[in-house]
Amino acid sequence: MSTYTPTVEDLIDKLATLPGVGKKTAARLALHILRSSQDEAQALARSILRVKERVGLCQICFNIAEGDQCVICRNSQRDRSVLCVVEDPNDLISVEATGVFKGLYHVLHGAIAPLDGVGPQELKIAELLERLERDKVVEVIIATNPTVEGDATALYLAKVIKPLGIMVTRIAQGVPAGGDIEYVDSRTMSRSLEGRKEV
Amino acid sequence: MHLRKTDGVVLHRTDFKESDLIITLYTADLGKVSGIAKGAKRSKRRFVNNLQPFSYIRIVYSEGRGGLIRLDEADMIQPFFRISEDISKVLYGSYFLEMVKEMTGEKESNLQLFELLVTFLSLLNDSPLREEYPRIFELRFLDLLGYRPRLTECSICNQILPPDNDAWFSYRHGGAVCKRCQVNARGAIAISGETLRAMERALGMDLAEAEEIRFTPLVLAEGKDIFPRFVQYQLGKGLKSLRVMEAVQGA
Ligand SMILES: [Zn+2]
Ligand SMILES: [Zn+2]
């Protein structure tokens, strides 16, 4: 039995579909919206609609963008000879947050996952290859996840990009900083040993 | 809640909600089971990255709701992580996992099938890839599920096939058919006597010999053409991993 009106109940249901939002949180958010002014509520609704109307994918790197190109591709200061390939826009944000990488990106929108039927054609790989042939790229840095799927994607990209005479590298994998060696899985540990450095 | 332990190979994992994973395993004593690993995407401690496909793990679990078990802990027995250092190994390994995932029933245990899977994941992990592996796996797997193809006698008239003669293979009749019956087996395709003999040997040998067995190029070519299709015919639908395999190998 619902204690809310049907309209409030509907809002709670919609909010509860958001990631990380359970029924209780959704109810709290709904009541907050209910108590806010007409202007505030309209501003929120407008923002949601605008995001859907204006934000799409960058026509070059497939990052999230407003307009044809994302802010990174539009920035003339970026080094156009190096591309960092990531699975998702969230991964791009992680790499970008370091401030270390000055090149451009390419977002694949997933990884090769044979068991889920995701092959190269389901990803932005043809677009990447077109880009490599068009632009003067000298290095492709692969920053896919250290999972079976991320590994398969990296191997596939190396196989199709190397014949173009472009250097292909993959970001180092190993024990996370601030991590605990006791909790490191054997896959990660073995790669950490292989990628060790002299101190 | 009653906690139990079992050993199994991770066949598939999929995201569930914000931080959970749903894992499908093939276990030694329960056969195929699916379970939810609460918080597995966030907490690296309890599952320490042990829930990836191919991982052979020991789980602590309890019975959950809706046929799903609840994974409490996962300890690594053998990660088979060398598989993901070679894309062809990933593709073949995924094909094995998908066959098991799609063609076995929930909680129908089959120890021989479990051993078959672990044997072939070990081969992929430890030795150079061989085109013989998927063929041997397909045949032995079908045999264990009761779909063993008939290779020495005609699947229609039961007459022994002359050992050196070519014959036909009929998906519909589940095996080889003789020259006379072939006209009644629409869609049957030509198969050499050599391939039939090699496949019969692959079915009869000890599993430990799988690494040593060698097929001729003719047997490999015919086998690759016929047996993945036979598997899919028995399943009644296409396998995703085979589609991805074609796309990757065509590149
Ligand atoms: Zn862009
Ligand atoms: Zn016959």
Side-chain angles (χ1 to χ4, degrees), chain A residues 16-23 25 88 110-123 125-126 128-129 144-163 170 173-176 178-194, chain B residues 10-15 17-19 24 41-57 74-102 238-251:
Chain A
T17 62
L18 297 172
V21 179
K23 266 264 165 173
T25 310
D88 292 310
I112 293 176
L115 285 151
D116 296 311
V118 181
Q121 280 124 338
E122 279 74 37
L123 305 169
I125 290 180
L128 171 64
L129 296 177
T144 53
N145 289 322
T147 56
V148 170
E149 296 82 3
D151 289 352
T153 308
L155 291 164
Y156 179 78
L157 289 176
K159 184 176 126 181
V160 293
I161 295 172
K162 277 183 183 167
R170 188 164 184 205
Q173 296 168 61
V175 180
D180 196 332
I181 286 184
E182 185 189 345
Y183 295 111
V184 170
D185 62 284
S186 47
R187 169 199 298 257
T188 307
M189 187 51 81
S190 118
R191 290 192 180 170
S192 304
L193 284 167
E194 284 165 2
Chain B
V10 179
L11 301 177
H12 189 245
R13 67 159 166 10
T14 176
D15 288 356
K17 292 190 181 161
E18 261 297 88
S19 55
T24 305
K41 273 162 69 187
R42 268 198 217 123
S43 149
K44 295 283 177 233
R45 280 196 172 208
R46 265 188 316 155
F47 300 109
V48 276
N49 209 15
N50 285 349
L51 301 177
Q52 295 201 45
F54 307 125
S55 295
Y56 178 17
I57 56 177
D75 285 316
M76 186 59 78
I77 296 171
Q78 166 59 264
F80 294 130
F81 65 82
R82 299 271 167 217
I83 292 175
S84 54
E85 291 171 359
D86 177 340
I87 190 151
S88 296
K89 289 184 173 186
V90 173
L91 293 166
Y92 285 164
S94 300
Y95 177 43
F96 300 162
L97 297 185
E98 193 180 11
M99 265 190 259
V100 175
K101 175 173 172 270
E102 293 298 326
L239 286 168
K240 293 172 182 170
S241 54
L242 284 176
R243 224 180 48 229
V244 172
M245 197 183 297
E246 257 171 48
V248 168
Q249 288 175 341

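Chain letters run A, B, ... following the sequence lines, proteins first and then strands; every chain starts at 1.
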Does A:Glu194 form a salt bridge (Lys or Arg N to Asp or Glu O under 4.0 Å) with B:Arg82? I'd like the steps, not just the answer. CA-CA 13 Å; A:Glu194 284 165 2; B:Arg82 299 271 167 217; 3.3 Å; yes

Is a side-chain N or O of B:Gln52 found less than 3.5 angstrom from the main chain of A:Val148, in a donor-acceptor match? yes

Quick one: what part of A:Thr153 sits under 4.5 Å from any heavy atom of chain B, side chain, backbone, both or neither?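 Neither part; nothing is under 4.5 Å.
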
Quick one: closest heavy-atom pair of B:His12 and A:Asp116, and the distance?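 That would be NE2-OD1, 2.6 Å.
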
Taking atom [atom1] of [X] and atom [atom2] of [Y], what is their separation to the nearest 0.5 Å?
X	Y	atom1	atom2	result
B:Ile87	A:Leu157	CD1	CG	8.5 Å
A:Leu115	B:Lys240	CG	NZ	8.5 Å
B:Glu246	A:Gln121	CD	CD	10.0 Å

4.5 Å side-chain heavy-atom contact, [X] and [Y]:
X	Y	value
A:Glu149	B:Ser84	no
A:Pro114	B:Arg243	no
B:Lys89	A:Leu155	no

Most heavy-atom pairs under 4.5 Å with chain B, out of A:Gly119, A:Gly117, A:Pro146, belong to A:Gly117

Quick check on [X] against chain A: is it the side chain, the backbone, both or neither that has a heavy atom closer than 4.5 Å?
X	result
B:Leu242	neither
B:Glu102	neither
B:Phe54	side chain

Counting heavy-atom pairs under 4.5 Å to chain A, which of B:Lys101, B:Glu98, B:Arg13, B:Met245 comes out on top? B:Arg13

For A:Glu122, check side chain to side chain contact (heavy atoms under 4.5 Å, CB included) against everything at least two apart and list the hits.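 Applying side chain to side chain contact (heavy atoms under 4.5 Å, CB included) to A:Glu122 gives A:Val118.
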
Using a cut-off of 6.0 Å, state whether more than 12 heavy atoms not belonging to B:Lys17 lie near its atom NZ.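 It does not: B:Lys17 NZ has 12 such atoms or fewer within range.
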
Is it the case that over 12 heavy atoms from other parts of the model lie below 6.0 angstrom from the CG atom of A:Leu193? yes

Holding to ring-ring contact (aromatic ring centres under 6.0 Å, His included), I want the full list of residues that pass it with B:Phe81, two or more places apart in sequence or in another chain. none

